[in-house]
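This report refers to the structure that appears directly beneath it.
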There are 2 protein chains.
Amino acid sequence: MTMGASKRRILEHAAAVASTDGLERVTIGRLAEDLGMSKAGLYGHFGSKERLQLETVAIGREIFRRHVIAPAEQAPAGLPRLWALCTAYLAYVAAGVFPGGDFFVTVANEYDTRTGPVHDEIAAAITIWMRRLEGVIVDAVELGHLSPCDPAQLAFEIEALLVAGNHVYHLDNDPRALELARAGIARRLEDLRTPGTPALAGWSTPERGRQEQAESLERR
Amino acid sequence: MTMGASKRRILEHAAAVASTDGLERVTIGRLAEDLGMSKAGLYGHFGSKERLQLETVAIGREIFRRHVIAPAEQAPAGLPRLWALCTAYLAYVAAGVFPGGDFFVTVANEYDTRTGPVHDEIAAAITIWMRRLEGVIVDAVELGHLSPCDPAQLAFEIEALLVAGNHVYHLDNDPRALELARAGIARRLEDLRTPGTPALAGWSTPERGRQEQAESLERR
DNA sequence: CCTACCGATCGGTAGG
DNA sequence: CCTACCGATCGGTAGG
């Protein structure tokens with residue numbers, strides 16, 4: 001999409017605000033003040049709050065594609081690409097590409113029980129992401145990397161762990177959440193990996209000392 | 001907590017609204033209009049928006065305890081109780097106890113990157129829930145129901161699947177999401193179940209016939 | 001892009 | 001519990 005530099009600057013800031021506070025709090029007055037321009041000047045780029053929200057979702061998709069999808073496309077098809085998608089997602093969260101973590105987790109939770117164009121656009125973006133996961137899983141099975149399995153079930157489980165990693169990472173401000181997500185996905189994929197297929201980088205759980213395990217038991 | 005009937009009615013409505021639209025949209029004017037009272041009359045019960053939010057979180061915890069924790073306490077300790085917690089959670093979502101699904105998923109996502117007393121109260125409630133999951137997992141291992149495992153890791157994975165089930169159920173308006181969550185948890189627990197321990201009700205995937213199911217259990 | 005507005009709604013208060 | 005109000009902020013508009 002062709003877009004002026006000013007409009008792009010507005011939308012990138014809007015996406016950053018939405019990732020922490022939600023699309024509802026992306027108000028025209030707040031954006032204008034943050035960016036040092038007038039409300040009416042900013043408003044003129046969009047014509048309605050809903051258009052601003054829809055264009056914010058669109059730029060969120062663009063940033064997600066650049067930081068998660070595109071890097072993983074470099075990996076070989078099948079299991080390596082599936083694992084690359086997972087590690088790229090976790091890296092995107094850890095790097096703070098959006099200050100509130102995964103943009104789509106925040107806005108999807110905000111709009112999951114609402115109706116209208118903004119809900120539909122968010123749901124469509126997530127459906128496309130899930131179809132991509134499922135497609136890469138199908139490839140991995142057809143290439144003999146993984147034992148036969150239900151792609152929708154496996155994609156659901158992987159997405160659940162990724163999203164939970166993002167969520168707990170921010171709620172508890174604890175980077176170990178991303179490690180829990182990585183370990184859960186690695187274990188699930190390891191169980192499905194066929195004998196001839198090599199394991200991948202960062203696959204195994206880092207060694208945990210006996211003391212740390214005992215503490216984990218005590219903490220309950 | 002002692003509480004007048006009027007205040008309880010306000011808070012139960014506030015929790016219902018928060019589960020769909022978030023705590024931010026639980027405004028004093030909206031509650032007053034919904035309940036047919038004046039803003040000032042409603043406001044007087046709380047004294048500040050933050051107090052209203054904190055008391056809404058408290059009543060959300062009470063309702064969660066009644067619908068998820070208490071029923072599962074009836075099940076025997078160990079694996080049966082762990083499975084009862086999971087099925088009680090999914091039933092609580094499916095039953096629409098809150099119109100927006102799990103109250104805590106909505107508000108935790110809303111507040112995960114904020115600071116202050118409301119964030120802290122939500123984070124504390126979720127920590128207590130996670131500690132409960134971990135404690136029941138430790139019991140299941142000590143009772144010999146499950147092979148030894150990292151309780152924090154398993155609790156994280158179970159919670160991830162439960163929350164994803166709730167989330168996708170509402171985002172796509174598709175009840176199969178809860179079945180994906182149930183199946184994912186069941187498979188994970190089945191892999192950890194020790195030979196002498198019986199499987200539990202609703203354990204297997206429905207698509208599989210009873211015969212295939214029985215064979216599958218024998219094979220292990 | 002701007003200044004200057006509009007009616008509606010926000011959290012909160014005064015006074016009863 | 002109520003009416004009546006406050007200043008701030010919301011999305012949006014008029015006019016340039």
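Residue numbers start from 1 in every chain, and the chains themselves are labelled A, B, ... in the order their sequence lines are given, proteins ahead of strands. It should be emphasised that the depicted structure is a prediction, and the values quoted were computed from it without experimental measurement.
- A salt bridge between A/R25 and B/E24 is present, with a side-chain N of the basic residue lying under 4.0 Å from a carboxylate O of the acidic one.
- The distance between atom CZ of A/R51 and atom C1' of D/dG12, rounded to the nearest whole Å, is 15 Å.
- You'll find the side chain of B/P117 stays beyond 4.5 Å of the side chain of B/Q53, heavy atoms only.
- Under a 3.5 Å cut-off, the side chain of A/T113 and the backbone N or O of B/T20 do form a donor-acceptor pair.
- Checking the phosphate oxygens (OP1, OP2) of D/dT9, no side-chain nitrogen or oxygen of A/T27 falls inside 4.0 Å.
- The CG-P distance, from A/L42 to D/dG11, rounds to 10 Å in whole Å.
- A/K39 contributes a side-chain N or O that forms a donor-acceptor pair with the base of D/dG11 under 3.5 Å.
- For A/H45 and C/dC2, the NE2 to C1' distance is 12 Å, given to the nearest whole Å.
- Ring geometry for B/F98 versus B/Y92: interplanar angle over 60°, hence perpendicular rather than tilted (30 to 60°).
- In this structure, B/L35 atom CG and D/dC2 atom P are separated by 11 Å, rounded to whole Å.
- When side chains are defined from C-beta on, A/I122 counts as touching A/L23, because their heavy atoms get closer than 4.5 Å.
- Looking at heavy atoms from C-beta onward, A/L31 lies in side-chain contact with A/L52 at the 4.5 angstrom threshold.
- When each of A/G47 and A/G29 is assigned the nucleotide of DNA chain D with its nearest heavy atom, A/G29 is the one assigned upstream, toward the 5' end.
- Residue whose closest nucleotide on DNA chain C sits further toward the 5' end, between A/G36 and B/S48: A/G36.
- Relative orientation of the A/W129 and A/Y89 rings is parallel, given thresholds of 30° and 60° on the angle between their planes.
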For DNA chain C, what string of dots and brackets results from 5' to 3' when Watson-Crick and G-U pairs need both distances under 3.5 Å, crossing pairs get [ ], and pairs with another strand get |?
||||||||||||||||

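- For B/Y43, no side-chain nitrogen or oxygen approaches OP1 or OP2 of C/dG11 to under 4.0 Å.
- Between D/dC1 and B/S38, no contact under 4.0 Å exists linking OP1 or OP2 to a side-chain N or O.
- Taking atom CZ on A/R25 and atom C1' on D/dG11, their separation rounds to 17 Å, with Å as the unit.
- Distance A/I28 CD1 to C/dC2 P: 14 Å, rounded to the nearest Å.
- Atom C1' of nucleotide D/dG11 and atom CG of A/L52 are separated by 11 Å, given to the nearest angstrom.
- What separates NZ of B/K49 from C1' of C/dG11 is a distance of 8 Å, to the nearest Å.
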